[in-house]
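A quick write-up on the structure given underneath.
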Amino acid sequence: MARRKRIAFLLNDLSNAYQASFRVAVEKAARQNDLSLLVAVGRELDHPDAQDRAQNVVFNEWLKPDAVDGVIVLSAALSNFCGKQGLEALCQRLAPLPVCSIGLSLSNVPSILVNNREGMQISVDHLLRVHGCRRVAYIGGPTDNDEASERLAGYRDALQARGRDFDPSLCVPGNFSAQSGHAAVVELLARGQTFDGLAAANDYMALGASDALREAGVKVAEDVLVMGFDDTPIARFAPRSLSTIAQPADQMADLALQQLLRLMEGEAPPLITLARVNLVLRESCGCGYVVRSGSILPQAPDAAGRASQFLRNERERLFVLLQPESGSSKRLWVRWAGELLDALARELDGDAGAFLSLVDRLTEEAASEGVPLDEIGAGISLLRSTFQEAGYRVDARVDLERLWMKATAIQAAATTRLEGRAALNLMTRATGLRQASQHLSVALDSERLSSALQDSLSELGIDTCLLSLTSPKSPLAMRAVFAALVGTRLELSGEAYAVDRLLPPELRDDSERFALIMLAITFEQDVLGLILFDTGADPFVCEALRSQVGGALMMRTLHARVVEETALRERLAREQLQGEMAVARRIQTALGPRSLVVPGLSIAARMQPADEVGGDYYDVLPTPDGCWLGIGDVTGHGLLSGLVMLMIQSMVSTLVSTRPRVNPATLVRDLNTVLVPNIRERLERDEHATFMLLKYTTDGKLEFAGAHEDLLVYRAREGRCEVVPCTGVWVGIRDDISEATVDRSLELSIGDLLVLYTDGITETQNAEFEQFGLERLAQVIEAHASRPVEMVLERVFDAAHAWSAVQRDDMTCLVLRYTGVG
């Protein structure tokens with residue numbers, strides 16, 4: 001019996017709304033064609049970060065003819081660093097698998113494209129022609145991205161068509177992120193540019209730009225009209241819902257799959273297939289939810305008893321007006337429009353409640369289909385405006401105004417319930433992830449790792465999960481260690497299988513169609529294994545679990561190393577110590593933050609381990625409005641201190657990502673609650689740590705809590721340092737630190753320096769056993785405060801090393817200068 005055909009869909013971000021819309025569309029198309037689907041999630045090709053590049057093993061090595069029969073590549077999402085050439089090289093590596101591209105035109109690869117140039121021209125022309133904008137700014141995408149280049153050309157086309165000159169000073173490049181859109185507007189305003197319209201090359205940048213405008217006191221839709229591109233779901237939920245250009249994801253996914261099936265049958269489909277974009281008008285351009293209507297009908301003030309006849313006369317026109325131009329709900333509105341008009345007719349003919357009952361049912365159906373409930377509201381609004389324009393506000397049997405108000409109330413109540421359920425689900429997932437982190441952080445063997453996963457899946461809303469690990473001794477082989485299928489854990493043989501098969505023998509039954517998300521588990525540049533989830537799993541949960549399992553596997557490796565080296569201690573004491581130090585040093589250096597880029601701050605940081613490695617820790621975790629800063633020092637030295645530090649880093653990262661708006665004291669208390677049983681009961685150790693957590697926002701304000709070295713703040717205005725005491729209780733030393741763990745705050749002015757450090761600097765001793773001390777550290781800071789933060793940091797370490805010829809403890813220091821934003 002021939003196995004069921006499988007296809008793979010390649011993308012780099014499960015949470016990105018643009019990519020999520022195509023993932024859902026491809027999954028729907030695969031289901032309609034009875035195909036199994038693997039959603040292969042890596043990172044952008046040629047990503048500058050080596051750890052991110054390691055995750056692309058799912059693209060570069062694992063997709064082979066034994067695993068799938070064809071591949072659809074969301075090429076526009078993968079090409080930001082590699083350009084078209086990198087995508088074409090990937091397609092060559094995938095050979096002989098047939099490949100279809102969505103978003104970019106690739107050589108000798110059937111490609112499904114939208115007319116990006118035409119779409120941007122339509123968008124900008126709407127601002128110029130309909131709203132009379134005189135100066136339209138533009139935020140573009142990456143310069144080596146073909147879609148971004150086409151959209152920029154469309155912007156210039158619209159200007160030329162309306163007789164406007166292209167002004168380069170109104171154009172700022174971005175990278176398709178909200179942060180880059182925000183930064184672009186900040187730059188435009190800082191240069192003194194004036195503009196009354198703004199178009200962005202995607203919705204995320206348009207939303208970031210809108211935030212920057214509001215922060216500057218500029219009203220979106222009143223002062224500056226804003227247009228996006230892509231019509232991602234997030235566009236509807238901005239403070240001013242975003243006018244945009246809609247990509248027909250459903251149509252493009254279906255076209256891509258049909259072309260791929262033709263390739264799989266040995267046919268030669270056309271290399272280029274174009275899908276048309278559509279203009280979606282909402283609030284950000286001043287249009288609101290515009291409905292296409294014909295000429296305004298004559299007023300009919302004496303309308304009692306005639307509304308039902310008006311509906312019969314206008315039914316065909318209203319049926320057409322209720323149809324959306326694009327989107328996944330278009331097929332549903334073919335039925336919904338007719339049902340709404342039929343129910344309204346019955347209501348007008350005396351069947352009381354017919355219309356409201358239908359509205360109630362349609363909101364439930366829309367919610368189950370993933371259709372935004374505001375589409376139902378837009379339909380009600382269209383009917384209301386049409387009847388009002390014709391003068392029909394009451395009828396012999398029905399007060400139409402009251403009917404529209406009740407219908408709108410039903411839709412609004414359903415929306416509130418839906419949002420409430422979503423918020424409840426989010427809290428449940430956050431709690432589940434925190435519990436999973438606790439269990440996985442001490443899963444020191446395969447059985448405990450499997451049990452931790454099994455205990456976590458139901459709370460996280462995951463039905464199906466597979467975990468397979470690669471073998472260091474045989475990199476071309478995998479071994480499945482855990483599998484749950486629709487909530488039921490499977491017995492596994494544990495036999496090795498080829499990595500290019502992807503699935504173990506127990507999951508190769510093709511009688512049932514499947515749709516799975518596939519991610520590589522990595523640590524630094526090492527590929528540790530493969531994890532699969534059902535496509536119904538929450539994207540954030542999938543990424544978080546992947547990361548947590550990776551940490552658990554590395555923790556298990558470290559634990560195994562401890563056990564092994566302890567058993568060999570008498571015979572290999574020197575080699576054991578060297579091995580411990582190497583692993584601990586790797587932990588300390590590898591877990592430092594990958595990026596020190598934070599709006600409003602210049603940051604320099606260094607952690608310099610001593611020969612006898614300890615447990616210094618620091619982290620910088622950027623957020624949309626600032627960052628979290630953590631610093632600490634685990635007692636003791638060697639691998640176990642490194643393990644405790646690894647626990648702290650993993651837990652802080654998870655707590656911050658799942659609860660970004662909470663205050664520092666709460667997170668410190670939660671960290672302690674998890675840390676104490678892990679150290680005391682499971683590791684049976686008595687290590688503890690000084691630890692402080694700071695929450696910085698771009699207005700220069702900081703909240704902090706915990707017990708660590710006092711903060712050192714250099715005030716630029718006075719030209720001297722002040723010491724901010726840091727009081728509290730060490731984490732890991734007792735069960736409850738709530739009373740002593742409270743939030744404190746301080747505020748930085750432009751040019752101020754904040755210095756965080758560990759006692760390895762202040763307690764280093766000279767030949768007379770005199771400590772370097774906080775006063776000398778402050779003198780170094782004051783002497784060099786006007787220099788760049790990197791040079792200030794360098795002078796701190798120079799002074800500490802000059803004071804003591806031998807470094808006996810880890811030295812960590814962060815120097816942060818507040819530069820302000822905007």
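Owing to the predicted nature of the structure, the values given are computational and were not obtained by experimental measurement.
Remark: the Gln193 side chain and the Ser169 side chain contain an N/O donor-acceptor pair separated by less than 3.5 Å. Residues Arg156 and Gln121 bring no donor and acceptor atom of their side chains to less than 3.5 Å of each other. Of the N and O atoms on the side chains of Arg306 and Gln309, not one donor lies less than 3.5 Å from an acceptor on the other residue. In the model, Asp203 has a side-chain atom that pairs as donor or acceptor with a side-chain atom of Thr232 under 3.5 Å. In the model, Arg43 has no side-chain atom that pairs as donor or acceptor with a side-chain atom of Asn12 under 3.5 Å. Trp333 and Glu375 share a donor-acceptor pair across their side chains, judged by distance under 3.5 Å alone. Checking Asp13 against Gln19 by side-chain atom types alone, no donor-acceptor pair falls below 3.5 Å.
Considering only residues two or more places apart in sequence or on other chains, Thr698 meets the side chain to side chain contact (heavy atoms under 4.5 Å, CB included) condition with Pro599, Tyr696, Val821. Residues satisfying the salt bridge (charged side-chain N to carboxylate O under 4.0 Å, His left out) criterion with Arg191, sequence neighbours excluded, are Glu187. Every residue was checked against the ring-ring contact (aromatic ring centres under 6.0 Å, His included) condition with Phe195, not counting sequence neighbours, and none meets it. Applying the side chain to side chain contact (heavy atoms under 4.5 Å, CB included) criterion to Glu118, with sequence neighbours excluded, gives Asn115, Ile122, Arg276.
Contacts classified as ring-ring contact (aromatic ring centres under 6.0 Å, His included) and involving residues 123-156 (residues at least two apart or in different chains) are given here: His126-His131, Tyr138-Tyr155.
Classification of Arg317 and Glu314 as a salt-bridged pair holds, one side-chain N sitting under 4.0 Å from a carboxylate O.
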Donor-acceptor list for residues 403-410 side chains, cut-off 3.5 Å, not counting sequence neighbours:
| residue | atom | partner | partner atom | Å |
| --- | --- | --- | --- | --- |
| Trp404 | NE1 | Leu400 | O | 3.4 |
| Thr408 | OG1 | Trp404 | O | 2.9 |

